[in-house]
There are 2 protein chains.
Amino acid sequence: MVVSVREVAALAKVSVGTVSNVMNRPEKVSPDTVERVQAAILALGFVRNDAARQLRAGRSRSIGLVVLDVGNPFFTDLARGAENRAAEAGLTVLLGNSDDDAVRENAYLDLFEEQRVHGVLISPIGDTTERLARLRERGTPTVLLDRQAENRNFSSVSVDDPAGGYTAARHLLERGRRRLAFVGGPASLRQVTDRLAGARSAVAEQAGATLEVIETTALSVLEGRRAGESVMARAASERPDAIFAANDLLAMGVLQALNMNGDVQVPGAIALIGYDDIAFASAAVVPLSSIRQPSELIGHTAVDLLLREAANGAEGEHEQIVFQPELIIRASTGG
Amino acid sequence: MVVSVREVAALAKVSVGTVSNVMNRPEKVSPDTVERVQAAILALGFVRNDAARQLRAGRSRSIGLVVLDVGNPFFTDLARGAENRAAEAGLTVLLGNSDDDAVRENAYLDLFEEQRVHGVLISPIGDTTERLARLRERGTPTVLLDRQAENRNFSSVSVDDPAGGYTAARHLLERGRRRLAFVGGPASLRQVTDRLAGARSAVAEQAGATLEVIETTALSVLEGRRAGESVMARAASERPDAIFAANDLLAMGVLQALNMNGDVQVPGAIALIGYDDIAFASAAVVPLSSIRQPSELIGHTAVDLLLREAANGAEGEHEQIVFQPELIIRASTGG
DNA sequence: AAGTGTGATTGAATCGTTTTAATCGACTGG
DNA sequence: CCAGTCGATTAAAACGATTCAATCACACTT
């Protein structure tokens, strides 16, 4: 019960070439033949075999997207932006979730390369540039997401993380807080270290202000809760009076921990600010101040860059696009 | 600069057949030949072309997953479960987002069928059973998610939605509420109508209790907010004293609307319960009571069913698995 | 020494679509 | 009436990995 162009051609009494033409450039085929072939396709329930098509074409019609965490709305929003733009260009997005794991990241890159995807968008964990360079050398255009390559060797779409970190910390300082804590990790993530660096420079400018770092093993709600609990375990006088979390998931976890016992007021005792401004941030126990990133726009732009990169060939220029983040003030830092 | 098995074979001074054997069943090849071939692969940076492989094999090594909304954590959790189980079986999951749109759903089904995926998992919108029956007839095993086929013609993994709806409404009634409102839609979604039906029967059992329906066009935070605002627009005496939202996203939107002006107390004036128990529910402004569904387990089980279905061939039995939901009580219904 | 078995390797056919050069008919203008 | 053109169609050659029957080399048995 396998139906290939061969059967369709036989039924429509034409050659396989004509069947192919009907599917791909019907204007080259006489109207009545088109009709006859389409009738045959329908009658037999023919579905074209994409593997054969790709084999001939050399490249697939999809692009691979590797994100750090599909559970993070920031990345699903970004994916939506990429998907929409890709759809306009007739391409499909394959979504891979590295879950902050180098092995999984690598597995997805292998898979995408074997599939000869049109290109790869990736928010890399740690330092993968060597692997990515090889990927590109072998002909798969690559764009970095949410991260700039040190050596400008890659096209990238990112947001100014040091500036975001600076803005967040500055905001807390302006609210009169002096004993800040940064919650985030792992340090292998560039986003984390950049935001921390930004916060550091803001604190350095302010006499009498301090910044402690509470490191986490992931950017998840659970890890945030753990960090929050470690703060709660201290005597009240030992606690920071403001917390800057490296993303909103962490911030929400921290918030849960602080609120669980009900004895720590936010923002009364501790002000809290997150990062990303995911949709849930505004609906939190205490609506969360945050640093907004234009997530959909990032995905959208990344696809544009990828298409340009693909068109230019290997020796084209690489373009770095950096968006500016935006401070969103809500109740968690005193409205 | 294209590298195929041919080049590898030439460099290693063996035949292409041997190269293939090295990759797929190295135990059939003498150790030193294996080594020579692998060295050649590495030296040339050879990456096997998946399209050619699939063409020969007849089927791809991935399974297609079509969900209603990737923005909904329920579905990303489900996807994670599916992905993990699939990985154990050496398969990849391709995630498609129908966004509650029949056209996009169809596009993904076409794509997956053209790719000759191992099988399809889908949370169908509206009535797609005819389309799915054809898909299966042509050889692609299919499992329904979060939805049972009326005629038992499909394997499916779902949760008892009428029971969940009943439980939610019953809980509100037991808290002394009598003027309930159901927020949800569109009515084309089976999940919505089933949960509503369950709620209806609970209300019918309770003398003096009423249930109004506020229909939405989607199960999103935004639509929830819209519904909440329509409630706020009424005189206080005309408002319900309890709201059952068809999922947590809606419930969080409702909550935002009720809280925005600050004048409606939850659960004081209006008790609120959602559905799914997504991770963010417990971190909401007012921690949200909800009906928990075992999302990861659903994804996991669905892949199992799919593999069984694929093994049995077309005329095998179809299995319907129904999980029971669980009431989670938090502050939004009075703790 | 002939025959038998075994393990390693090979060569060619195959999967299904796309593409290109070639062919065919019919028609037009000189 | 013939050369030339044009549109529609065809046949065959790709694309690259897999697989299976055939071959080969070599050791072991009788």
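In what follows, every chain begins at residue 1, and chains take the letters A, B, ... in the order their sequences are listed.
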Over all strands shown, is [X] touching base, sugar-phosphate only, or nothing at heavy-atom distances under 4.0 angstrom?
X       : answer
B:Val14 : sugar-phosphate
B:Asp50 : nothing
B:Ser4  : sugar-phosphate
A:Arg25 : sugar-phosphate

Expressed in angstrom and rounded to an integer, what is the separation of [X] atom [atom1] from [N] atom [atom2]?
X        : N      : atom1 : atom2 : value
B:Lys28  : C:dT6  : NZ    : P     : 13 Å
A:Arg59  : D:dC15 : CZ    : P     : 16 Å
A:Arg6   : D:dT10 : CZ    : P     : 14 Å
A:Lys13  : D:dA8  : NZ    : C1'   : 19 Å
B:Leu55  : D:dC15 : CG    : P     : 14 Å
A:Met23  : C:dT17 : CE    : P     : 6 Å
A:Glu114 : D:dA17 : CD    : C1'   : 11 Å
A:Glu7   : C:dC15 : CD    : P     : 10 Å

Check whether A:Arg59 reaches the backbone of A:Val117 with its side chain - one donor and one acceptor, N or O, closer than 3.5 Å. yes
Main-chain N/O of A:Gly96 paired with A:Ser98 side-chain donor or acceptor, under 3.5 Å: no
Looking at [X], I'd like to know whether one of its side-chain N or O atoms comes within less than 4.0 Å of OP1 or OP2 on [N].
X       : N      : answer
A:Arg48 : C:dT18 : yes
B:Ser15 : C:dG11 : no
B:Asn24 : D:dT18 : yes

Contact residues, residues 29-46 of chain A to DNA chain D [heavy atom, < 4.0 Å]: A:Val29, A:Ser30, A:Thr33
Among [options], which nucleotide sits nearest the side chain of [X]?
X       : options                : result
B:Val16 : D:dT18, C:dT18, C:dG16 : D:dT18
B:Ser20 : D:dG16, D:dT19, D:dT10 : D:dT19
B:Asn21 : C:dT18, C:dG16, D:dT19 : D:dT19
A:Arg56 : D:dA14, D:dT18, C:dT10 : D:dA14
B:Val2  : C:dT10, C:dG16, D:dG16 : D:dG16

For A:Glu105 and A:Thr128, does a side-chain donor sit closer than 3.5 Å to a side-chain acceptor? yes
Whether the A:Asn312 and A:Glu317 side chains hold a donor-acceptor pair (N or O, under 3.5 Å, no angle test) is what I'd like checked. no
Test side-chain contact (heavy atoms from CB on, under 4.5 Å), reference A:Met23, set A:Val29, A:Ile41, A:Val8, A:Val34, output is A:Ile41
Rounded to the nearest 0.5 Å, the CG atom of B:Asp50 sits from the OG atom of A:Ser60 at a distance of 10.0 Å
Separation of A:Thr129 OG1 from A:Leu144 CG (nearest 0.5 Å): 8.5 Å
Heavy-atom check, side chain of B:Gln54 versus side chain of A:Gln54, under 4.5 Å: no
